[in-house]
Amino acid sequence: MSGFLALLKRELRSITKEKTIMFAIIVQFFIASFSSIILVGIMAFYDPSSIGDSTHVRIRAGIVATGENVEPLLNYLDESNVRLHVYPDMTTAEDAFKRRRIDTIMVVPESRNGVVDMQLIMPELDTKKTVIFMVLDEPLKRYENYLRESQGVDLNYNSVGGKPNTTYEFLYSLIVPILMLFPALIAGSIVIDTVSEEFENKTFDTLAAAPVSLGQVVASKMAAAVITAAIQVIMWVGLLRLNNIVIENAGLVILLGVVIAAAISVVTAIMALYFKDRERTQFVYSIVLVALIGGSYFLNPSPFGLITRLAAGDPSMGMFQVALYAVPLAIVGLLFLKVSRRLVLSRR
Amino acid sequence: MSRREITRLRARFSGKSRVIVLAILALTIVSSYVIYHQDLVISKGLYIVGVSADAPVIADSRFNITEHDRETGYELLERGAIDLYLDGEEIVMSHTERSEYAAGALQKYLEKQELLRVADAYEIDRAFPLRIEISYLDGGDEDLIAEPSAPAPDIAGIPDSTAPTDETHKSLSSAEPPVAMSPEPVSPPEDKLAVASPIALPEPMPLSPAATDDAVRKQLTDFAESRQLPEFKAEFISENDIIIPSLMTPPIPLAQVIITFLYVVPVFFISLFFTSSFTEEKVSRKLIVLLSAPVTRLQVILGKMLPYLAYSIIVIIGVTMVLKGNILLGLAIFIPVMLFIFSIYLIVALTYRTFKDQTFFSVLALSVVTVYLVGPAMFTGVNDLSYISPLTLAVTMYRGESFTVPQYFLATTPLLLVFGQTMFVGTRVFNEEYLMGFRPLHKKIAEAMYLTLDRAHVNLSILFMGMCLVPLVFMVELASIVFVTNLPMPFMLGFMLIVSVVVEELAKSAGVVILLQNNALQRKRDVFKLAALSALGFMLAEKLLLLMAMSVVSDSMFVQALTGGGLLLLPLALHVVSTSVVCLFTAHFGTRFYLLAIILGSMIHAIYNLYVMGTLL
């Protein structure tokens, strides 16, 4: 055991001594400091309409209305951060637009049989028109509903209440699981690097002569990688808390992250011992990862889903489901014990 | 050389390991195929909803549905065992946040079902009475270069009065997304060179009813199919698109980023194999053995690179075909990008000896390169300076527009130059001592620079080194602009001033100081001469770069800055003075005091910069 601890200490020291890893962690923190900006950016991928929710920008709209029935539209616009300027004709509106007094022009003609063919004039700038459109989205939808109603078409479920759910779903079903599982992926990479390094430097032969078993040597490498992963997971839970994102069942979430990191470490160790060179192992590892992530989708709950539901405080998830994930860990652990020695000593 | 590399790669994956790899690969393909044909739902079972017997059917796997009678339902809700209770048509929430989010999600789902019902039950004019046609009008001059001192100003284009706090402003500028919306054909190409000239406003003409009805029907079909993944389109809203507010599902914004992912990431992946193979042969000393073979160093490097380049080209062709782009144009745009990426990885492979270092620096290189490529491309069609990134060309291509020859060269020349430089440096440092040495990073760089200098033509070498470092300095400054946008305004300016001055002084004096360090310079007169040459080279390249930018961006502040008031001779004097101060100081006191010398030179440079800024304002 003391031999194992000494080895573990050596591995951990070599990881912390590695300037590049420290550097990588600093970069991680740096990115975390951007998080609010990045979050809005990534959110836009997940649900583009969320851009409207997350901005509180006032835009200025010019209105040229010839039709009846515009009153409600003006009210809706007024209620959602749009400053209104009404113009009598296109020429004056266009002039104001060019002098940058307004951001957009809405031309509302008379309706033909109840249908309003509105014209929306925007600047060509991509970024600007996106924001304008996202701000206008809500009042336009309300106006559409108004026009429907005036034609005798009623929509139910218009005002149930409740909060916009996009951010919530996005945070807990993507960001949190990614942050919790990413350290596990890194752990796998670290194990491959350190194990295949021993092969490439031919130091396994030296270690074979030392008074520790080869299993212990590899196990210490895995342990070091798992500890690094655990530290990162705990750190992310803390950082998220600082950003006002609360992880419910934090203990279980961290435990699950660590269990998965451990399972991946064992698998990668076996792969590294089998292939004995980094290039092939990393390649196979990346394919296996894709396969695993794909395959886990069919599990219920999948690792991703379980982290989501634990972190979001789903009352039906708990220790039992986390414990289920210890089963594959135990299996690969046993496999490792069985084959590690033979794999190390087998010739290339 | 190349054939050897391919054989090596094949040998790697032979026998049993090939079977395993192929088996895993097949498994991966099968499972991704199956997932693709099911609907990919990420938040499966996130919300627990209790329903009464007469509630509408909810077919959405985000909701975990259980049926309860009214009494149990309310009780479970009270206990927090379910998030919502759907009592007939009424949604009942508890007072937890989770419950409110669940209600928000359920409302959106039910609203959609309602729209489909209404679309079914009523004729199209009554169900969708509002149609909006988009048209563009240019809002006068909006020249981002006109504000060189403020790197991240009105990016979102919303004037100051409308941005209440800095925070909103920031989040806005990152939320800048172009791309598509409705599945309308791409708008007819416009003369996109006329960014600054106002486009005549199309008179609001009455749309033909049939046209908008068609648009409604088309969008309704798409809406009913409810694709999970919004489709790819290079523009957010195109001109002449017709929008129906309730049917609008905005597409993924930022076509630039998607293009990057599709093209650049596979190339990165392939070049990772190149680095990995290179490093392996380096560590196992096989590369050194190759040096004694009758091939040149350049042949060794290029030969090892060639197979991977070929794979990358296949990927580029494939992606372009999938996105239905012009293959020749795609190749013309992305081959320089590919060469650039490979040269970055060659640097990593030449510099580092262990795989751990390599992995981390590869990741770092990936993020820096991504910022360099994606950042400018965000301004496609807005500012012509965005053409410093070749991705802008790609976005332009996918929008069905055209770009000019100077724009193409502005985008690709720097990348090709970097490739050429790397190849040159690579062949110079390709010797056993350099490849096998274990040294800290800055020593490695110094050594590489020393090896690059041609001792027989020191003057010329120093001049060229001064020139060659300009793109590097430019990239460092660009990256620091991205970083400092985190700081409040006054700090931002100060920080930028300091960073740019220090980086420039470092770049100009590095060559001379390295010669000093290796005791290759004795006389003070030589030190001065070389310092002046280095400064001259640096300035020449700097102005050349500006000139190139000018040929694309015609009416900007750059022209004024370049031609206004003797701004050519003055900076030359400044560069020569500051660089020779740094070099002579170092020559006199020794290389240990190089840092102090840099501080001194930077101060002179900074004072000059402040003076110039003062006269310009």
> So, A:R148 side chain and B:F128 main chain: donor-acceptor pair closer than 3.5 Å or not?
Replying inline: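 No.
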>> I'd like to know whether B:N64 forms a side chain to side chain contact (heavy atoms under 4.5 Å, CB included) with A:R309, so could you lay out the CA-CA distance, the side-chain angles of the two residues, the decisive distance to 0.1 Å, and finally the verdict.
In response: CA-CA 12 Å; B:N64 198 345; A:R309 289 162 77 170; 3.5 Å; yes
>> Show the nearest heavy-atom pair for residues B:A81 and A:P315, with the distance to one decimal.
In response: O-CG, 3.8 Å
>> Show the nearest heavy-atom pair for residues A:Q151 and B:R126, with the distance to one decimal.
In response: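 The pair with the smallest heavy-atom distance is O-NH2, 2.9 Å.
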Euclidean distance, [Y] [atom2] relative to [X] [atom1], rounded to 0.5 Å:
X	Y	atom1	atom2	answer
B:R98	A:Y172	CZ	OH	10.0 Å
A:E144	B:R131	CD	CZ	9.0 Å
A:N145	B:L130	CG	CG	10.0 Å

> Taking only residues two or more places apart in sequence, or in another chain, which ones meet B:Y47 in a side-chain hydrogen bond (donor to acceptor under 3.5 Å, both in side chains)?
Replying inline: A:E169
With a 4.5 Å limit on heavy-atom distance, are the side chains of [X] and [Y] in contact?
X	Y	value
A:M122	B:I134	yes
B:E133	A:L120	no
A:D314	B:L46	no
A:V116	B:P129	no

>> Check this for me: A:R101, atom CZ, are more than 12 non-hydrogen atoms of other residues, nucleotides or ligands nearer than 6.0 Å?
In response: no
